[in-house]
Protein chains: 2
Amino acid sequence: MRTTLKDIARQAGVSTTLVSYIINDRPVSIPEETRARVLKAIETLEYVPSAAAQGLRNQKSRMIAQLFLHYEPETTLSEPCTAGKTPALVDSLALKGYFHLNYPVPEGEKARHDLVNFLRSHRVDGVVIENTYDEDPYIDLVADTHVPFVVYNQADCGHPGSAVVNMDDAGGMRLTVEHLIRKGHTKIGHLQGNLRTYCDAMRRKAYEEVLREHGLAVREDWIRGDGSCTVEDGFRSTGELLDLDDRPTAIAATSDLLAMGALRQIQSRGLRVPEDVALIGFDDIQAASFLSPPLSTVALSYRRIGELAGEQILKLIEEPSLRFDPITVPVRLIERASTAKDFR
Amino acid sequence: MRTTLKDIARQAGVSTTLVSYIINDRPVSIPEETRARVLKAIETLEYVPSAAAQGLRNQKSRMIAQLFLHYEPETTLSEPCTAGKTPALVDSLALKGYFHLNYPVPEGEKARHDLVNFLRSHRVDGVVIENTYDEDPYIDLVADTHVPFVVYNQADCGHPGSAVVNMDDAGGMRLTVEHLIRKGHTKIGHLQGNLRTYCDAMRRKAYEEVLREHGLAVREDWIRGDGSCTVEDGFRSTGELLDLDDRPTAIAATSDLLAMGALRQIQSRGLRVPEDVALIGFDDIQAASFLSPPLSTVALSYRRIGELAGEQILKLIEEPSLRFDPITVPVRLIERASTAKDFR
DNA sequence: GATACTTAGTGAAACGTTACAGTGAATCGA
DNA sequence: TCGATTCACTGTAACGTTTCACTAAGTATC
């Protein structure tokens, strides 16, 4: 059997109440001698409180779940953007003695229902929502359970007990397109991601805005991508772009994975990057600098984002009435060889 | 307040016992009419059982922790080898209604102590141990708490209530070295990883064995690597190798990351791969096929490994007396351009 | 000497489930 | 028609904490 408070109390000749007080450092006066006796009993009997009993009594679990919405087994947890934030989140939770739970939410009625039950079961004190769509209905679902939550990549969602952490998607995409324009490009294509996500939607919007600001037309046939945001999609979509009679001389991709596919496609046709087609990505994944030519891209600190999410959710748990303004984490342009030639 | 069994019982005019029986599908005879009444009450009051109360009562949490030993914040969770297995583990646990917890264990007495308390607190029903050293003392630590566990990359550890899942490290390294020998190489260097890990130790051992079997000398000065297994290490260590008067004509790295660093070093000196130095990695990370030249390597299904770990730990929880033989997941050689030239 | 306060504790009731041991009533077999 | 069985339930005691309201001394205050 397991060692319980009762065992400690018996061993030390005191009540369980007193043992509990000592363990939890309650401000009651206890003579050193008694305290020492109890601590010794805890030591020798190797007592550790039962998480379940504490959870039941305190209505707290000290667990935070990271929700992976629109989950697909083979991809979601491996994507740079999704996976990148997890380590920092885990670390910042661990720092405060909280545990991190991975909770995938595949599409479908069953998973949706399971999610609500999960949240209602009080298994976790709060959640961090990953991989949301723009104005994602799942957010309301979570909000309705009154579990505090932090969500990435959303406009301010306005729910009480929630906070938003964004990266500067629009700013990043502006950087890339303006960079290409400075290099002399006027025919700039775009490889888009999943437009249902806030990230990719904002990036595409920024792409169009910058073009218009510079008096360049937005051509629908220069915007490609099936939404899967994979290397394969990049390869295929770039193929479509290059098949056009009037094709772009530069491509701004919404992710490095798309850009990797693009690079492969361009080079497989004997074209050169950046001489024939300039190419720039987004995310600055590790592989980017190893491509030939090394890929220009936008770097952002996924660590910082995850860290912020961790801090926010813990603050919300302590004080659910807190209101936060959405935080936006800055990005920066990384210029490499894939955009290194001036185009005139 | 939260809706409890009592509320349901009152609403349906029955005892809490009966409600519990219905929810848990206990084999007792209950007229359809009563059952329907109770289910309706559950529905309308939106009842969901309290995870903590069930945990306390059943002494089960339906949670599995993945332990990341020797944890370093910036790297451990991002490494291909470590991160690669997590998604499949999460999926296979979710399939059976179990939750997946990330538990980092940094070096140090405090973290070690926290770990023991964590396991003793019965917060999880079992653990999967990631990133172990060879004959890692942490394994005994876990075993002593009698929490069922699965461990990757170990010789059979012999503890009751445990299982081992390996990938075929030795077999994979044999494939790469034999491949290089077939290509005509006799001067083959090795970039080693962290020899304290079973993986890297096995790989290095296999490297040496194959050399000996083919009558080739094992030269200590051709074996490099500071144990960090990073791109930077690969770059630096390959520099040392190339500085030698009598230098290898081929390099077998224990990981793709090391090989990426090696490639950068080789090319930065104006040498060609594979003409001047052939190069082969291990892991088949996504970037490998995007290098110039594309990197030969060893592919293994991290998905399969994670899946197996999930299945094993759940079986152990159901039946802790079960004994499993260590499972070894097969690997295969991927030949790409970085080893494509015969060397004579 | 009565009153108030501090010290060092204790008992019992939650928290929300589940399992065991029953209990009446109805049905069945001989 | 009696005992046994089945049916449809229920009461209560756990599971292991924490908290609230107490108490019974001892000490200080006036």
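What's counted below: heavy atoms across the whole structure, side chains too, no hydrogens, waters or symmetry copies. Throughout, a chain's letter reflects where its sequence line sits, starting with A, and its residues are numbered from 1.
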>> Show me the pairs that pass salt bridge (charged side-chain N to carboxylate O under 4.0 Å, His left out) and involve residues 102-116 of chain A, at least two apart or across chains.
In response: A:Lys110-A:Asp114
> Toward the 5' end of DNA chain C, which comes first, B:Leu5 or A:Thr34, by nearest nucleotide?
Replying inline: A:Thr34
>> According to side-chain hydrogen bond (donor to acceptor under 3.5 Å, both in side chains), does anything in residues 85-94 of chain A pair up with another residue at least two apart or in another chain? List the pairs.
In response: A:Gln66-A:Thr86, A:Lys85-A:Glu130, A:Asp91-A:Arg303, A:Asp91-B:Tyr71
>> Tell me if the CD atom of B:Glu319 is crowded by more than 12 foreign heavy atoms within 6.0 Å.
In response: yes
> Looking at residues at least two apart in the chain, or sitting in another chain, which of them share a ring-ring contact (aromatic ring centres under 6.0 Å, His included) with A:Phe118?
Replying inline: A:Tyr103, B:Phe99
>> My understanding is that only residues two or more places apart in sequence, or in another chain, count here; which of them pass salt bridge (Lys or Arg N to Asp or Glu O under 4.0 Å) with A:Arg2?
In response: none
> For B:Asp134, which residues count as a salt bridge (Lys or Arg N to Asp or Glu O under 4.0 Å) partner, sequence neighbours excluded?
Replying inline: none
> Listed by chain and number, what are the salt bridge (Lys or Arg N to Asp or Glu O under 4.0 Å) partners of A:Arg304, not counting sequence neighbours?
Replying inline: A:Glu307
>> Going by ring-ring contact (aromatic ring centres under 6.0 Å, His included), name the residues that satisfy it together with A:Tyr138, two or more places apart in sequence or in a different chain.
In response: A:His70
> side-chain hydrogen bond (donor to acceptor under 3.5 Å, both in side chains): which pairs involve residues 22-40 of chain A, sequence neighbours left out?
Replying inline: A:Ser20-A:Asn24
> Residues two or more places apart in sequence or in another chain: which of them pass salt bridge (Lys or Arg N to Asp or Glu O under 4.0 Å) with B:Asp125?
Replying inline: none
> Quick one, which residues of residues 45-60 of chain A touch DNA chain D with a heavy atom under 4.0 Å?
Replying inline: A:Tyr47, A:Val48, A:Pro49, A:Ser50, A:Ala53, A:Gln54, A:Arg57, A:Asn58
>> When the axes are fitted on five pairs at both termini, how much does the helix from C:dG1-D:dC30 to C:dA30-D:dT1 curve, in 10° steps?
In response: 40°
>> Can you list, in residue-number order, the parts of residues 14-27 of chain B that come under 4.0 Å of DNA chain D, counting heavy atoms only?
In response: B:Val14, B:Ser15, B:Thr17, B:Leu18
